[in-house]
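Reviewing the structure listed below.
Note on naming: letters A, B, ... go to the chains in the order of the sequence lines (proteins, then strands), and numbering restarts at 1 for each one.
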Amino acid sequence: MKAKVSARGGDSRLGVKNGKAEKDPNKPKRPPSAFFVFMEGFRKDYKEKHPNNKQVSVVGKAGGEKWKSLTDAEKAPFVAKAEKLKAEYTKKIEAYNNPQAEASGDSEKSKSEVNDEDDGSEADE
DNA sequence: CAAGTGATTGTTTCG
DNA sequence: CGAAACAATCACTTG
């Protein structure tokens, strides 16, 4: 039974796509929630355990159930990741609202082009 | 052949 | 405050 209170079911998406959907190439997509981040790895692991069942729906159910089984501490790393993604998303939104918010003047992106991964990407451990 | 659906929860966003 | 919508993903289903 689908306990969906909302209309997320199948028709909502189609209903939205009525007529013309102007897609803004600049418009960033929403950041994946902690659940999706968790699922990214979960799906991969699930494939190994269930190479016969690859359907997302199946993994989704298993993942959802497992997800609820996790505690905040376990979800912490996922939430932290999602939080960071959200922060970047907000920045992109700003860029979307202000596409011309660049530092005028010298833009000689000379040195910082090759490698600028500051902001410790791996700062969690 | 191509597009749509189904299923999961979380974040997003408007009224 | 709340509800509707959408985010990834991929076998399956239908046109």
query = Counting heavy atoms not belonging to A:Lys75, are there more than 12 under 6.0 Å from its NZ?
reply =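 Atom NZ in A:Lys75 is crowded, with more than 12 foreign heavy atoms closer than 6.0 Å.
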Can you check the [X] [atom1] to [N] [atom2] distance for me, whole Å?
X       : N      : atom1 : atom2 : result
A:Phe78 : C:dA8  : CZ    : P     : 19 Å
A:Lys68 : B:dG10 : NZ    : C1'   : 12 Å
A:Asp45 : B:dT8  : CG    : P     : 20 Å
A:Glu83 : B:dG10 : CD    : P     : 15 Å
A:Leu70 : B:dT9  : CG    : C1'   : 12 Å
A:Leu85 : B:dT11 : CG    : C1'   : 11 Å
A:Asp72 : B:dT9  : CG    : P     : 16 Å
A:Trp67 : C:dA7  : CH2   : P     : 20 Å

Those residues that, when tested against A:Glu83, pass side chain to side chain donor-acceptor pair (under 3.5 Å) (two or more places apart) =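 Partners of A:Glu83 by the side chain to side chain donor-acceptor pair (under 3.5 Å) criterion come out as none, since no residue qualifies.
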request  = Sequence neighbours left out, what passes side chain to side chain donor-acceptor pair (under 3.5 Å) with A:Thr71? Give chain and number order.
outcome  =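 Applying side chain to side chain donor-acceptor pair (under 3.5 Å) to A:Thr71 gives A:Glu74.
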query = Nearest to the side chain of A:Lys61, which nucleotide is it out of B:dT8, C:dA8, B:dT11?
reply =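 The answer is B:dT8.
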Atom pairs, N/O to N/O, protein against nucleotides 10-13 of chain C, distance under 3.5 Å?
{"unit_1": "C:dC10", "atom_1": "OP1", "unit_2": "A:Lys47", "atom_2": "NZ", "d": "3.3"}
{"unit_1": "C:dA11", "atom_1": "O3'", "unit_2": "A:Gln55", "atom_2": "NE2", "d": "3.2"}

message = Show every salt bridge (Lys or Arg N to Asp or Glu O under 4.0 Å) that has at least one partner inside residues 31-47 of chain A, sequence neighbours left out.
response =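 Non-adjacent pairs meeting salt bridge (Lys or Arg N to Asp or Glu O under 4.0 Å): A:Asp45-A:Lys49.
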task = Could you go through the side-chain contact (heavy atoms from CB on, under 4.5 Å) check for A:Leu85 and A:Val37 one step at a time?
result = CA-CA 10 Å; A:Leu85 291 169; A:Val37 179; 4.1 Å; yes
ask   = So, for A:Asn53 and A:Tyr46, which heavy atoms are closest and what is the spacing to 0.1 Å?
value =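 Nearest heavy atoms, A:Asn53 then A:Tyr46: O-CE2, 3.5 Å.
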task = Locate the shortest heavy-atom distance separating A:Ala82 from A:Ala34; write the atom from each residue and the value.
result =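 What the structure gives for the nearest pair is CB-N, 3.5 Å.
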inquiry  = I'd like to check, for A:Phe36, whether its ring lies over the base of B:dG10 with centroids under 5.5 Å apart and a plane angle smaller than 30°.
reply    =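 Ring-base stacking flag not set for A:Phe36 and B:dG10.
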Are any protein N/O atoms closer than 3.5 Å to N/O atoms in nucleotides 13-15 of chain B? If there are, list each pair with its distance.
{"unit_1": "B:dT13", "atom_1": "OP1", "unit_2": "A:Tyr89", "atom_2": "OH", "d": "3.2"}

ask   = A:Phe38: what forms a ring-ring contact (aromatic ring centres under 6.0 Å, His included) with it, not counting sequence neighbours?
value =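 If we apply the ring-ring contact (aromatic ring centres under 6.0 Å, His included) test to A:Phe38, skipping adjacent residues, the hits are A:Phe42, A:Trp67, A:Phe78.
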Which residue lies more 5' along DNA chain B, comparing A:Pro32 with A:Phe35 via nearest heavy atoms =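 Closer to the 5' end of DNA chain B: A:Phe35.
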query = Can you find a heavy atom in the side chain of A:Lys84 that is under 4.5 Å from one in the side chain of A:Glu88?
reply =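 The answer is yes, as the side chains (C-beta and beyond) meet within the 4.5 Å cut-off.
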